[in-house]
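One structure is given below, encoded as structure tokens.
Treat the numbers as computed from the prediction; the structure is a model and nothing was measured.
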Amino acid sequence: MGGIRLNELNLESLKVEFDSLVNVQIGSAEDLKAFLSDQKKLYEKVEEKMMRHYIAFQCQSDDEENKRKYEFDQQHIKPLYKKYQSLLDEKLLESPFLSDLPDNEYGEFKKKLRVQFALFQEANLEIEKHEDALVNQYFEIAGSLTANWEGEEVTLSDIYVHARDSNRDTREKAWDAMYTPILKEEEKVQKILDELIQLRVKKAENAGLPNFTEYMFKKYNRFDYTPEDCNQLAESIRENVVPLTLQLEKEHKQELNVELYRPWDVTGVSDSKKPLKPVDSAEDLIGKSAKVLGELHPSFGSLVHEMNEKGLLDLTSRKGKTQGGFCESLPETGLSFIFMNLSNTDSDLIVFMHEMGHGIHDMLKRDQEVYANKQIPMESAELASMSMELLTANRWNEFYKSEEELKRSKKEHLKSAVMLLPYIMVVDQFQHWLYKNPSHSWEERNKKFGEIQDRYAASIVQWDGYEDWKEKNWLKILHIFEVPFYFIEYAIAQLGALQLYKQYKENPEKTIENYIEALRLGSSKSLPEVYEAAGVKFDFSSKTIAELMEFVAKELDLLTV
């Protein structure tokens, strides 16, 4: 009870702080800038407190105290915060001095302010509480998933290393161990998504919008592209990327020397090769990554050490810890927290470099004076992280001692970067379908996911007897539940990252300068301007993607061992 009273006291003191800000008198443009500074400090304090509770819950979702604090934030702190954000947005929009802030510095901020204020509806606060509770249920299910491997209960991350085995029977057994637990929970997960869809449709109605798709495009400040552009990107990738991915699958099938290319063959290596294992432990990953990143830029390596020393890296897998990986900003501290589950495969290196890209972004944008400009859209967030995977590749000899393993690792990663693009479009197009057709049945939902996969991620994989794995793969995609419509950003950013990699091969020093300059902008400029600062195009056209695939195909040839 003592903990509950403490939270309630915090809630009351938070109201006092917000009321104080609401009642500030703004008599000049300078007063307005001072107000924005005070607002930033309060927002950073609240955001960091909630984020630390979220992180603790993800790190140990079966801990009752972690769960209680996180749920208290969602049920009490978050709705209060959203309500006051809207009041403060209204205060800013009503200030005659807002127009005195120059558009070259504050233009994007003003645009976001107007859109987010128009989107806010108090009636949606209760809906969002219910929404958050359902997402929590999904996290608890995902965090509790384990499999039996040779008589031992292990996490699904622990199984993944066996899915990369050269022994085909081991791979098949591993795939079965990874899919069986989530398929057993299908009924619960389907019901969660049913409820989420209905709640989200209602939110859009409350905001006076025709559908949830439009609601989320506004919510994410997607000013620079439309749902129709998403369709165009899906078609451009189908036309220009899928031919290359099919060719790569055929080469892999030949390498494995199998008559039928089955789901468990996708992750396999031939008998002549051992699965790549760049590190032996979390400490090994941290030490080697700090050296590699420090060679790109000294501040990048220093950041790894600082985060490690301050306990901001949780990298190992354990029961009760949710799956996946993320990097979350701690805005008051000015640093980030990285969460991942080591799998003892080459993905450990990729995931850590990816999340460090986010951490470096947080470091570079922390000096933005307006809080909203530190809240970056995911298209630039993922540009930072996906680029870091590729920009470090030339230094992976720190992780692989033989030239053969180094080349193999670089080629495998470049292949995966390309082969992921069609799958990203599947998940994006699936989410568009979900909310265009909110009354669909479970059977229609699963069938549609399979159909979309056949169109945008054509494959030579034979699914006979395992159609459930194909059609229900969406069950384990947390984005669909936690952050709807978040996925296309990975494709947009991957195309930008491949352009940055091409640029880096031509001029390494200039590319790192461009990368830093783009990341420092936060969201103070539009997405096309941020991409331009990085020296790349924000472009969905078939022509740009075709040219990029030509470059990738040549790179893959150069890396063939």
Side-chain angles (χ1 to χ4, degrees), residues 11 13-51 73-74 76-129 131-132 200 203-209 212 214-224 329 331-332 365 368-378 483 522-527:
L11 196 60
S13 66
L14 201 53
K15 284 180 185 174
V16 170
E17 287 190 77
F18 273 121
D19 282 332
S20 175
L21 205 51
V22 169
N23 293 323
V24 164
Q25 295 298 310
I26 299 173
S28 67
E30 289 308 310
D31 285 352
L32 182 55
K33 287 180 182 178
F35 171 85
L36 288 171
S37 177
D38 290 340
Q39 181 192 48
K40 177 186 170 187
K41 287 171 189 169
L42 182 53
Y43 281 10
E44 285 177 344
K45 183 172 82 169
V46 176
E47 289 272 5
E48 178 150 337
K49 180 182 175 183
M50 289 196 293
M51 184 53 67
D73 286 350
Q74 290 186 305
H76 301 283
I77 303 284
K78 203 171 171 182
L80 179 80
Y81 181 36
K82 287 178 180 176
K83 185 176 178 180
Y84 274 105
Q85 278 182 307
S86 183
L87 287 171
L88 293 167
D89 286 352
E90 186 174 21
K91 183 181 180 74
L92 285 166
L93 287 167
E94 287 178 351
S95 172
F97 304 103
L98 185 63
S99 60
D100 292 343
L101 300 181
D103 283 345
N104 63 333
E105 288 181 58
Y106 294 90
E108 282 294 306
F109 162 65
K110 292 180 197 177
K111 187 159 59 171
K112 287 181 282 192
L113 185 64
R114 293 184 188 104
V115 169
Q116 295 311 314
F117 178 70
L119 207 58
F120 176 80
Q121 298 294 323
E122 193 153 355
N124 282 341
L125 292 178
E126 282 303 313
I127 292 178
E128 285 168 355
K129 282 186 189 180
E131 198 178 355
D132 287 341
R200 288 164 177 172
K203 273 168 64 176
E205 286 175 9
N206 288 346
L209 295 170
F212 184 65
E214 190 169 329
Y215 178 92
M216 286 312 294
F217 268 64
K218 288 180 181 295
K219 181 80 173 172
Y220 288 154
N221 292 318
R222 287 181 176 172
F223 303 135
D224 302 296
S329 174
E332 191 176 34
K365 68 182 172 63
Q368 281 288 334
E369 291 182 9
V370 178
Y371 182 73
N373 289 343
K374 293 176 69 175
Q375 306 303 107
I376 46 172
M378 292 170 280
V483 276
S523 62
S524 64
K525 300 293 180 186
S526 69
L527 275 173

Fill in: Verdict with reasoning, Asp38 to Val24, per side chain to side chain contact (heavy atoms under 4.5 Å, CB included)
CA-CA 10 Å; Asp38 290 340; Val24 164; 5.6 Å; no
Got a second to check how far [X]'s [atom1] is from [Y]'s [atom2], nearest 0.5 Å?
X	Y	atom1	atom2	answer
Leu36	Phe109	CG	CZ	5.0 Å
Tyr215	Gln121	OH	CD	8.5 Å
Phe18	Leu88	CZ	CG	7.0 Å
Glu128	Arg200	CD	CZ	10.0 Å
Asn104	Ser524	CG	OG	10.0 Å
Phe97	Leu32	CZ	CG	8.5 Å

Discussion item. Can you tell me if Glu369 has over 12 outside heavy atoms packed within less than 6.0 Å of its CD?
Written reply: no
Worksheet entry | Atom NZ of Lys218: over 12 foreign heavy atoms under 6.0 Å | no
Discussion item. Strictly by salt bridge (charged side-chain N to carboxylate O under 4.0 Å, His left out), give each pair with a member in residues 111-127 just once, sequence neighbours left out.
Written reply: Lys83-Glu122, Glu108-Lys111, Glu126-Lys129
Worksheet, complete the sentence: Residues pairing under salt bridge (charged side-chain N to carboxylate O under 4.0 Å, His left out) where one sits in residues 90-99, two or more places apart or in two chains, turn out to be none
Item to complete: Using side chain to side chain contact (heavy atoms under 4.5 Å, CB included) as the criterion, list what pairs up with Glu332, not counting sequence neighbours.
Response: Glu44, Lys45, Glu48
Discussion item. Name the residue from Glu47, Lys40, Gln39 that meets the side-chain hydrogen bond (donor to acceptor under 3.5 Å, both in side chains) definition with Tyr43.
Written reply: Gln39
Which heavy atom of [X] sits nearest to which heavy atom of [Y], and what is that distance?
X	Y	result
Met50	Asp73	CA-OD2, 3.5 Å
Gln116	Lys219	NE2-O, 3.5 Å
Leu527	Pro377	CD2-CG, 3.8 Å
Phe120	Leu125	CE1-CD2, 4.0 Å

Fill in: N/O donor-acceptor pair under 3.5 Å between Ser523 side chain and Gln375 backbone
yes
Worksheet item: Taking Lys110 for the side chain and Leu101 for the main chain, is one N or O donor matched with an acceptor at less than 3.5 Å?
Response: yes
Fill in: Partner of Leu209 by side chain to side chain contact (heavy atoms under 4.5 Å, CB included), out of Glu214, Lys203, Met216
Glu214
Discussion item. When you compare the side chain of Leu98 with that of Tyr106, does any pair of heavy atoms fall below 4.5 Å?
Written reply: no
Discussion item. Within the structure provided, determine whether Leu21 and Tyr84 are in side-chain contact (heavy-atom separation under 4.5 Å).
Written reply: no
